[in-house]
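Have a look at the structure below before the remarks.
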Amino acid sequence: MTAPPDFPQTAAPGAFLTESAPDQAIPENPLTPIAAQRLVEQELAVEGIPERNLATFVTTWMEPEARRVIDGNLHRNFIDHAEYPQTFEIQQRCVRMLAELFHAPGETTGTSTQGSSEAIMLGALSLKWKWRQRREADGKSTEKPNLVFGGDVHVVWEKFCRYFDVEPRIVPLQPGKYTVGPEDVEPHIDENTIGVAAVVGTTFTGHADDVVGINDFLVELKDKKGLDVPLHIDGASGAFVWPFLYPESKWDFRLEQVRSINASGHKFGLVYPGIGWLIFREESDLAEDLVFHENYLGKTDPTFTLNFSTGSSMVLAQYYSFVRFGKAGYRTIMEIMQQNADTLANDIEAIGKFRIIGAGEERLPLVAFNLAEEHPYDEFDIAFQLSAERGWMLPAYTMPPNAQDVKMMRALVKLNLNRSLVNTLDDDIAHAIQTLEEKGPVSESERRRVNTSVTH
Ligand SMILES: Cc1ncc(COP(=O)(O)O)c(C=O)c1O
């Protein structure tokens, strides 16, 4: 679309080359489209390179064909089901495909979201509403809901508790124990527990809570004491990995107490940021009064979201990935990533300084590792040195309480970290260690610049 003839004069051509980028008020005069594009691109020139970002779970590469689907649908408001019924149908197909992948016993319901955070908020709200219904039916107090989860969960679970007034009952971790099981959650559960949240593919080390153990305990609690406590699975990363790498492992609706699952389409679902999923075991697991029946542009639609208007592109991109790769393609991709993660783990171990965390256990395609012994330098020094020498974003962080004294490093191995880059990374880690051995630890100010964020 070209600008109308009376469109205001542009700022001087090339103004973006000699003037500072506007950062307080919208500028008076327009730029040409190309100048605006160049200005934005130049602002981003100092950003990290996604290929070297080993901190994020989020997809950093999609095929050109997928990008064309995304680009071609950026102007389609997803919520406008009356005008775009097929887009809504495609979302529903994705919900059904995921329900089938997660072994839902029959017809069910679910929704797309902005990501796992919104999916978790909605899923946990449903737990709260269902708990309240049960309590009211029994004429019991609904004053003090609580939610039980391990310290290995993502920060969004605490966020939910704070935003929606639920007491968080957090099982602390311990040095060397970074997931939770039935014996950990048991002491925290009572009649006010709206649910237990367990993680498949933790943010910190990529492992899974003992979901089978927790489920069995909850089934026993229901059978023996009549206390029906639902289990929600946070499969932000793992829900797209476990079905393909560990198909025999039960973590999903094959387990009786698992009532809802969230997954991030934009992580191992292989779609760019902006898509998550919430899937219920059965329709009745979604509290009916959380569903709004909107009359929008002449059509009544049930909506169950925290947002309203939102893009369609990532929903369509998710469908693209499902039909493009199929189950066989997802399996192959997960296997490739895991193979490269295993190679990286072996190579890092061969450097002779590090301990690999939970090697051989079921886990996401990543390598979590730390120094096996004391040195004059630590994990944070290594992270800085590695970024200074080669620009790798390989985060160093401390574990959640009560393992907060444990320092950790974590490298995500996604599809864009191929074997050749794995070899380069491994050489670079060895080289950074050599530098630190020779010159000693980095300065305090350098340590403060280390990427410590592992929550995405
Ligand atoms: C286990 C887990 N849960 C929830 C989230 C939040 O997911 P999102 O970034 O899709 O909102 C993450 C993000 O990394 C995660 O690892």
Side-chain angles (χ1 to χ4, degrees), residues 50 53-60 94 98 102 110-125 127 147 149-163 168 170-171 173 178-180 195-211 214 231-242 251-252 258 260-279 305-307 310-311 314-315 317-318 321 337 358 362-366 368 393 395 397 399-400 408 410-414 451-456:
N53 186 351
L54 307 179
T56 184
F57 290 95
V58 171
T59 300
T60 48
C94 292
L98 286 172
F102 302 160
T111 185
S112 57
T113 57
Q114 278 306 110
S116 276
S117 298
E118 188 193 357
I120 286 168
M121 298 275 175
L122 290 169
L125 274 174
L127 293 179
L147 181 62
F149 49 84
D152 56 338
V153 299
H154 186 268
V155 65
V156 61
W157 285 96
E158 279 187 72
K159 208 182 207 183
F160 164 79
C161 288
R162 196 177 305 171
Y163 287 3
I170 308 173
V171 181
L173 304 183
Y178 306 127
T179 54
V180 299
V196 175
V199 193
V200 172
T202 74
T203 320
F204 302 98
T205 65
H207 297 97
D209 287 334
D210 179 1
V211 182
I214 295 173
L231 181 55
H232 175 98
I233 301 298
D234 180 351
S237 296
F240 280 105
V241 173
W242 258 252
W251 62 276
D252 53 12
V258 175
S260 46
I261 298 174
N262 68 276
S264 294
H266 55 214
K267 293 186 177 123
F268 294 99
L270 308 178
V271 178
Y272 282 141
I275 184 81
W277 299 96
L278 173 63
I279 311 291
T305 56
L306 296 178
N307 305 301
T310 188
M314 297 309 159
V315 173
Q318 184 74 80
S321 290
M337 294 192 286
E362 293 181 359
R363 66 191 187 288
L364 300 173
L366 58 77
M393 290 168 260
Y397 50 101
M399 292 295 287
M408 196 72 77
R410 190 198 69 189
L412 255 295
V413 181
K414 298 197 297 275
N451 180 352
T452 57
S453 168
V454 285
T455 54
H456 49 276

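Atoms within a ligand are numbered from 1 in the order they appear, just like the ligands themselves. This chain uses plain numbering: 1 for the first residue, then up along the sequence.
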Taking only heavy atoms of His266 into account, list the atoms of ligand 1 that are under 4.0 Å away from them.
8 (P), 9 (O), 10 (O)
Atoms in ligand 1 with a heavy atom of Thr203 nearer than 4.0 Å:
1 (C), 2 (C), 15 (C), 16 (O)
Just to verify, what does Ser117 make a side chain to side chain donor-acceptor pair (under 3.5 Å) with, not counting sequence neighbours?
none
Sorted by chain and residue number, the side chain to side chain donor-acceptor pair (under 3.5 Å) partners of His266 (sequence neighbours excluded) come out as none
With side chains defined as the heavy atoms from C-beta onward, is the minimum distance between Thr60 and Asn53 less than 4.5 Å?
no
Are Tyr163 and Val156 side-chain neighbours, meaning at least one heavy-atom pair lies under 4.5 Å?
no
Pick from Ser264, Ala236, Ser237: the one approaching atom 2 (C) of ligand 1 most closely through a non-hydrogen atom:
Ala236
Hey, is Val199 touching ligand 1 through its side chain, its backbone, both or neither, going by heavy atoms under 4.0 Å?
side chain
Which heavy atom of Gln318 sits nearest a heavy atom of Cys94, and at what distance?
CG-SG, 4.2 Å
I'd like to check whether Thr202 has a polar contact with ligand 1, where a contact means an N/O of the residue lying under 3.5 Å from an N/O of the ligand.
no
Which part of Glu118 is near ligand 1, with near meaning a heavy atom under 4.0 Å away: side chain, backbone, both or neither?
neither
